[in-house]
Amino acid sequence: YSEDDTQLGGSITGDYTVVFQTIVESPHYWKVETKDVYTGKGWIQSEDKLKNIRFFGNRQIPITSFVEGVNYEQSIHETSTVHQLKEYPHLLYPLGVTRIQSDRGYSFELDPSIEKIYSYKGHETASLEEYSLTYEIPVYTEDMLRKRDSGHSSLLSVSFMQRYTQLPDHLPSRVKELAVEITKGRTNNYDKAKAVEQYFKTAQYSYSLNDVAIPNKDKDYVDQFLFETMKGYCDNFSTSMVVLLRSLDIPSRWVKGYTEGRFTGMEGNLYKYEITNNNAHSWVEVYFPQIGWVPFEPTKGFINPYTVS
């Protein structure tokens with residue numbers, strides 16, 4: 001995991017250093033932050049930075065993953081516990097997080113621009129050895145997602161759309177042309193997003209950590225992957241999906257964190273996992289009006305832990 005995403009690409013060496021261990025009711029991805037500005041070479045944080053929000057444990061976390069329209073009466077409420085082995089001053093959390101429980105004396109600060117949560121002891125950032133997170137998994141269906149997109153786009157502000165459909169001016173035109181081709185015949189944003197997600201599962205694209213290209217100054221990172229190398233790892237797949245969706249004016253963002261990790265056993269009815277640096281991952285979230293952010297997993301060989309009925 002690295003905070004600097006300005007230049008994506010290049011080979012990766014495996015690292016089995018354990019970052020944290022978890023005890024969960026069901027496996028899920030772990031978010032650290034999101035990025036919203038694609039430069040053609042990588043991701044940076046928007047210059048329109050929002051003011052950080054300070055809050056304390058055992059209180060509502062000021063992140064809104066879902067909005068009205070999700071069936072909260074049938075949503076699943078779960079708790080996950082994190083044992084952090086690497087001294088990171090930020091939290092790892094699941095989609096739909098609502099509360100954090102930790103030792104007394106700690107407070108937290110959310111950077112709402114990238115949805116990153118920092119832990120503090122007094123006035124200094126500090127690493128937490130253990131904490132628990134409560135979250136909810138809403139119940140939504142494909143039919144609901146199909147109906148709650150383009151017909152409700154007027155509910156999204158101009159600034160929101162500009163932020164989450166941003167693309168560099170120099171993006172090659174063949175990228176949008178490919179997006180139009182992939183989604184031909186699809187009439188709603190959900191089916192378009194699924195078409196793009198499934199496009200990367202085709203044989204022409206391969207997953208690899210080795211010999212992954214770094215674009216020179218005249219090349220676009222996504223364009224190079226889509227049309228030339230067709231080989232890479234999660235950053236290639238996830239960034240490309242976001243760019244293809246944004247070229248269709250579908251609001252989406254790039255998410256960084258970790259996969260669920262390696263299953264190590266049971267503790268009663270709970271599942272235990274071990275997460276290493278090898279589990280660092282990136283994926284995609286697409287915004288649906290009156291629903292919220294919905295995860296998608298375009299990387300070949302990976303399965304989205306969040307299901308839509």
*More than 12 heavy atoms from other groups under 6.0 Å of NZ on Lys176*: no
*Classify the ring geometry between Tyr190 and Phe288 as parallel (under 30°), tilted (30 to 60°) or perpendicular (over 60°).*
tilted
_Taking the basic N atoms (NZ, or NE/NH1/NH2) and the acidic carboxylate oxygens, is any pair closer than 4.0 Å for Glu285 and Lys31?_
yes
*Asp111 with Lys116: basic N within carboxylate O range, under 4.0 Å*: no
*Roughly how far apart are Thr202 OG1 and Gln204 CD, rounded to 0.5 Å?*
4.0 Å
_Single-linkage hydrophobic cluster Phe263~Leu85, side-chain heavy atoms < 4.5 angstrom_ = no
*Heavy-atom side-chain contact between Trp30 and Leu133 under 4.5 Å*: yes
*Atom pair CD (Glu33) and CD (Gln45), whose distance is rounded to the nearest 0.5 Å*: 8.0 Å
_Less than 3.5 Å apart, any donor N or O on the side chain of Asp4 or Thr6 sitting next to an acceptor on the other?_
yes
*asked:* Is the distance between the ring centroids of His83 and Tyr131 under 6.0 Å?
replied: no
_Side chains of Ser132 and Thr81, donor plus acceptor under 3.5 Å_ = yes
*Please name all residues satisfying side chain to side chain donor-acceptor pair (under 3.5 Å) with Asn278, sequence neighbours left out, ordered by chain then number.*
none
*Does the pair Lys219/Asp223 count as a salt bridge with the N-to-O cut at 4.0 Å?*
no
*Can you find a heavy atom in the side chain of Ile291 that is under 4.5 Å from one in the side chain of Met144?*
yes
_If I compare all heavy atoms of Tyr207 with all of Cys234, which pair ends up nearest, and what's the gap?_
CE1-N, 3.9 Å
*Report the distance from atom CD of Gln290 to atom CG of Leu145, rounding to the nearest 0.5 Å.*
12.0 Å
*Less than 4.5 Å apart, any side-chain heavy atom of Val286 and any of Ile250?*
yes
*Report the relative orientation of the aromatic rings in Phe20 and Tyr258; use parallel for angles under 30°, tilted for 30 to 60°, perpendicular for over 60°.*
perpendicular
_Hydrophobic clusters here meaning ILVMFWY residues chained together by side-chain heavy-atom distances under 4.5 Å, can you tell me if Phe108 and Tyr118 are in one?_
no
*Does atom CZ of Phe56 have more than 12 heavy-atom neighbours, drawn from other residues, nucleotides or ligands, at distances under 6.0 Å?*
no
*Using a 4.5 Å cut-off on heavy atoms from C-beta on, say whether the side chain of Ile137 contacts that of Glu78.*
yes
*Between Arg163 and Ser46, is any side-chain donor less than 3.5 angstrom from a side-chain acceptor?*
no
*Find out whether Leu226 and Phe200 are in side-chain contact, i.e. whether some heavy atom of one side chain is under 4.5 Å from a heavy atom of the other.*
yes
*How would you list, by chain and number, every residue that makes a ring pair (Phe, Tyr, Trp, His ring centres under 6.0 Å) with Trp254, sequence neighbours excluded?*
Trp43
*Strictly by modelled atom types, are Asn210 and Tyr233 linked by a side-chain donor-acceptor pair under 3.5 Å?*
no
*Between Gly40 and His170, which heavy-atom pair has the shortest distance, and what is it?*
CA-CE1, 4.1 Å
*Could you verify whether a donor N or O on one side chain and an acceptor N or O on the other, from Tyr271 and Glu25, lie under 3.5 Å apart?*
no
*Are Val284 and Pro298 side-chain neighbours, meaning at least one heavy-atom pair lies under 4.5 Å?*
yes
*asked:* Under a plain distance cut-off of 3.5 Å, with no hydrogens placed, do Ser159 and Ser157 share a side-chain donor-acceptor pair?
replied: yes
*Do you reckon Leu8 sits in the same ILVMFWY cluster as Ile214, going by side-chain contacts under 4.5 Å, direct or chained?*
no
*Do you see a donor-acceptor pair shorter than 3.5 Å between the side chains of Asp235 and Ser282?*
yes
_Measuring from atom CG of Asn188 to atom NZ of Lys192, what distance do you get when rounded to the nearest 0.5 angstrom?_
8.0 Å
*Quick one: are Ser119 and Glu109 in side-chain contact, heavy atoms under 4.5 Å?*
no
*For Gln166, enumerate each residue passing the side chain to side chain donor-acceptor pair (under 3.5 Å) test, keeping only those at least two apart in sequence or located in another chain.*
Arg246
*Ignoring hydrogens and angles, state whether a donor on the side chain of Tyr29 or Glu297 is under 3.5 Å from an acceptor on the partner side chain.*
yes
*asked:* Could you measure the distance from the OH atom of Tyr16 to the CG atom of Asn279? Nearest 0.5 Å is fine.
replied: 10.0 Å
*Do you reckon Ile114 sits in the same ILVMFWY cluster as Ile53, going by side-chain contacts under 4.5 Å, direct or chained?*
no
In residues 89-102, what donor-acceptor pairs under 3.5 Å come from side-chain atoms, sequence neighbours left out?
unit_1	atom_1	unit_2	atom_2	d
Tyr93	OH	Glu115	O	2.5
Thr98	OG1	Thr134	O	3.0
Arg99	NH1	Asn58	O	3.0

_Ion pair check, Glu228 and Arg174, cut-off under 4.0 Å_ = yes
*Between Phe225 and Tyr205, does the ring centre distance come in under 6.0 Å?*
yes
*Please lay out, stage by stage, how Glu197 and Lys194 fare under the test salt bridge (Lys or Arg N to Asp or Glu O under 4.0 Å).*
CA-CA 5 Å; Glu197 181 185 52; Lys194 289 298 293 183; 2.7 Å; yes
*Leu128 backbone acceptor or donor facing Lys121 side chain under 3.5 Å*: no
*asked:* Going by the rule side chain to side chain donor-acceptor pair (under 3.5 Å), which residues pair with Thr264 if we only count those two or more places apart in sequence or in a different chain?
replied: none
*Side chain proximity check, Ile275 to Val18, heavy atoms < 4.5 angstrom*: no
*Quick one: are the ring centres of Tyr306 and Trp283 less than 6.0 Å apart?*
no
*Can you measure from NZ (Lys272) to CZ (Arg262) and round to the nearest 0.5 angstrom?*
10.5 Å
*Thr17: side chain to side chain donor-acceptor pair (under 3.5 Å) partners, not counting sequence neighbours*: Asp15
*State yes or no: are the ring centers of Tyr221 and Tyr38 separated by less than 6.0 Å?*
no
*How about Phe237 and Phe302: are their ring centroids closer than 6.0 Å?*
no
*Got a donor-acceptor contact below 3.5 angstrom from the Thr239 side chain to the Asn236 backbone?*
no
_Ile61 vs Ile117, test: side-chain contact (heavy atoms from CB on, under 4.5 Å). Steps then yes/no._
CA-CA 9 Å; Ile61 293 179; Ile117 304 174; 4.0 Å; yes
*Check Trp293, Tyr164, Phe296 against Tyr287 for a ring pair (Phe, Tyr, Trp, His ring centres under 6.0 Å) and give me the one that passes.*
Trp293
*Check the hydrophobic clustering (I, L, V, M, F, W, Y; side-chain heavy atoms under 4.5 Å; chains of links allowed) and say if Val196 and Leu167 are grouped together.*
yes
